[in-house]
Amino acid sequence: MGISVDACVAQHQGDRREQQDRAAIVPHPRGGGVVLAVVADGMGGHTGGVIAAKQVVHTARNNLEGFSARNDSARILLESSLNEAHMLIKASRFINEKDPHSTAVMLLLQPGKVSWAHCGDSRLYHFRGDSLIFRSTDHSYVEQLVVQGRLTPEQALVHPNRNILLTSLGGIELPKIAFGESASLQPGDTFLLCSDGLWAYFTDQELAWVINGSSSAREASELLIGRARALGNGDGDNISLAILKVVDAATAEQVARPAVEVASLASQSAQ
C-alpha cells in the first residue's frame, strides 16, 4: 500500500501593496514518490522581496530535477538549495539595485520519510491529528527569548521586536539553516509550511484544530486565511502556506508512491 497525500498551496496579498511571498508544491519530474514543498517570505522594499522569494522557489525547483531519492541526500538537496538561493539573492542586488532578502522553509517528501529545512521565521509544523509533533524554531530575536524562558509564546506574538530576524537568505553573513526529518508517516499526519503572515494569528493548538477538523487541505487553507484576514483587521501581512495531509498510509517500510493533488488558491488582493 502506498500513501495518499491531499495537498494545497494558498496565498493572499493581505493589506500590503504587493505580494512578496512565494509558495509551491513541486512533484519530482521523474515521479518516484518525491515531492518538494517551498514557502519563501521575501523582504527588501518594493519588488526586492519578490526577487528574493522567486529565487528561492526557482532554485529549489531546479535542484529537485537532478535529485535521486535512491542515491542522493535529502539534507544536501535542501541545504544546498537554501545556500545557493542565498548567493543568487546577494548577487541580484548588484543587478537590480535592491536589497532583497527572504526567509524560507522547504519540505521534501520521499518514500518512507520526510525531510525539512528552514531559515528565518517561515515555519514548518508537523501535526498528528490535533496534536503537535514538531514545530520549527524561528531564527528571530523573540524566539530566542522564548527558548531562554524570558518570554512566553503568547508574549512573543505581541512583542515590539517580534519582526527582528537573526538570519535570512541574501544577508551579508552565511545563513543559519536548521534541518530535520522523520522516518514515520501515518494517516492523520499533516505538514504545514507557512509565512509569519499566517502563524502570527494562531497558537499551535488552534492551527492543529483547524487543519484536523477540515475535510481537505483546501478547506483548511481557506479557513486559516479567512480567520487570519479577520484578525488582521485591515493591517494584515502577505499570507502564504502549503498543507500536505497524509490521508492513507502504510508503515514507513512499505511506503511507495504518494499521489499528490495540488489545489491552488489564487493570490487575492485585499478587499
Side-chain angles (χ1 to χ4, degrees), residues 6-25 37-43 49-50 53 56-57 102-107 118 120-127 130-132 134-140 142-143 146 152-165 190-245 262-271:
D6 171 28
C8 182
V9 176
Q11 290 190 281
H12 197 290
Q13 188 170 319
D15 298 293
R16 301 296 185 254
R17 290 189 303 169
E18 183 180 30
Q19 172 59 272
Q20 297 200 4
D21 294 355
R22 291 296 183 271
I25 297 178
V38 184
V39 169
D41 182 354
M43 303 166 287
V50 173
V56 173
V57 175
S102 184
T103 68
V105 57
M106 301 181 182
L107 177 143
H118 87 283
D121 63 355
S122 289
R123 288 185 179 179
L124 173 99
Y125 295 83
H126 177 193
F127 301 111
D130 61 3
S131 298
L132 177 69
F134 172 83
R135 173 175 75 76
S136 58
T137 300
D138 303 337
H139 297 127
S140 67
V142 296
E143 188 78 349
V146 172
T152 67
E154 291 73 24
Q155 290 171 329
L157 289 174
V158 295
H159 195 280
N161 295 323
R162 61 187 178 278
N163 293 324
I164 296 178
L165 296 179
T190 300
F191 298 93
L192 167 67
L193 295 77
C194 63
S195 63
D196 64 335
L198 181 77
W199 63 252
Y201 297 107
F202 301 92
T203 66
D204 298 349
Q205 186 61 73
E206 287 169 343
L207 289 170
W209 283 334
V210 171
I211 293 172
N212 186 59
S214 301
S215 61
S216 66
R218 184 186 182 94
E219 181 183 70
S221 299
E222 292 173 338
L223 290 171
L224 289 172
I225 287 179
R227 182 61 174 160
R229 292 291 299 130
L231 292 171
N233 196 29
D235 190 31
D237 199 356
N238 297 159
I239 301 170
S240 292
L241 68 144
I243 295 177
L244 298 91
K245 293 171 67 81
V262 181
S264 296
L265 305 182
S267 179
Q268 304 170 43
S269 300
Q271 302 298 316

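- Looking at every heavy atom in both residues, Leu157 comes nearest to Ala200 through CD2-O, 3.7 Å.
- Between Ala10 and Ile225, the closest heavy-atom pair is CB-CD1, 3.7 Å.
- Inspection of the Glu143 and Thr137 side chains reveals no N or O donor paired with an N or O acceptor under 3.5 Å.
- Ionic pairing of Arg229 and Asp15 is present here: one or more N-O contacts between side-chain nitrogen and carboxylate oxygen are shorter than 4.0 angstrom.
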Side chain to side chain contact (heavy atoms under 4.5 Å, CB included) evaluation trace for Leu244 with Ile25: CA-CA 9 Å; Leu244 298 91; Ile25 297 178; 4.3 Å; yes
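- Of the candidates Val9, Val39, Leu198, Leu207, Leu198 is the only one forming a side-chain contact (heavy atoms from CB on, under 4.5 Å) with Leu241.
- Here CG of Asp237 is found 12.0 Å from NE2 of His12. Values are rounded to the nearest 0.5 Å.
- The minimum heavy-atom distance linking Gly197 with Ala228 is given by the pair O-CB, 4.4 Å.
- Scored by the side chain to side chain donor-acceptor pair (under 3.5 Å) test, Asp204 finds Arg135 as partners (sequence neighbours excluded).
- By the side chain to side chain contact (heavy atoms under 4.5 Å, CB included) test, Ala220 is found to be paired with Ile211, Ser214, Ile243, residues two or more places apart in sequence or in another chain being considered.
- Listed by chain and residue number, Leu151, Thr152 satisfy the side chain to side chain contact (heavy atoms under 4.5 Å, CB included) test with Gln155 (two or more places apart in sequence, or in another chain).
- Within the 4.5 Å cutoff, no side-chain heavy atoms of Met106 are placed close to those of Leu193.
- Judged purely by atom type and a 3.5 angstrom limit, Asp6 uses its side chain to pair as donor or acceptor with the backbone of Ala217.
- Atom NE2 of His118 sits about 4.5 Å away from atom OG of Ser136, to the nearest 0.5 Å.
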Criterion side chain to side chain contact (heavy atoms under 4.5 Å, CB included) on Gln11 and Gln19, from CA distance to verdict: CA-CA 9 Å; Gln11 290 190 281; Gln19 172 59 272; 3.8 Å; yes
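- In terms of modelled atom types and a separation under 3.5 Å, the side chain of Gln13 and the main chain of Arg17 share a donor-acceptor contact.
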Worked verdict on Leu165 versus Met43 for side chain to side chain contact (heavy atoms under 4.5 Å, CB included): CA-CA 11 Å; Leu165 296 179; Met43 303 166 287; 3.8 Å; yes
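- A distance-only check finds a donor-acceptor pair linking the side chain of Asn238 to the backbone of Gln20 [under 3.5 Å].
- For Asp235, the side chain to side chain donor-acceptor pair (under 3.5 Å) partners two or more places apart in sequence, or in a different chain, are Arg16.
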Side chain to side chain contact (heavy atoms under 4.5 Å, CB included) evaluation trace for Phe202 with Arg227: CA-CA 9 Å; Phe202 301 92; Arg227 182 61 174 160; 3.5 Å; yes
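- How far CG of Asn163 is from CG of Asn161: 9.0 Å, rounded to the nearest 0.5 Å.
- Listed by first and then second residue, the side chain to side chain donor-acceptor pair (under 3.5 Å) pairs that reach into residues 191-202 are Asp21-Ser195, sequence neighbours excluded.
- With a 4.5 Å cut-off on side-chain heavy atoms, Leu124 and Leu107 count as touching.
- How far CD1 of Ile239 is from OG of Ser221: 11.0 Å, rounded to the nearest 0.5 Å.
- A donor-acceptor contact shorter than 3.5 Å links the side chain of His139 to the backbone of Gly120.
- Residue Ser240 comes nearest to Ala23 through the heavy atom pair CB-CB, 4.3 Å, listed as atom of the first residue, atom of the second, then distance.
- Atoms CD and SG, on Glu222 and Cys8 in that order, are 7.5 Å from each other to the nearest 0.5 Å.
- In terms of the ring-ring contact (aromatic ring centres under 6.0 Å, His included) criterion, residue partners of Tyr125 (sequence neighbours excluded) are, by chain and number, Phe127.
- Annotation: Asn233, atom CG; neighbour count of heavy atoms from other residues, nucleotides and ligands within 6.0 Å does not exceed 12.
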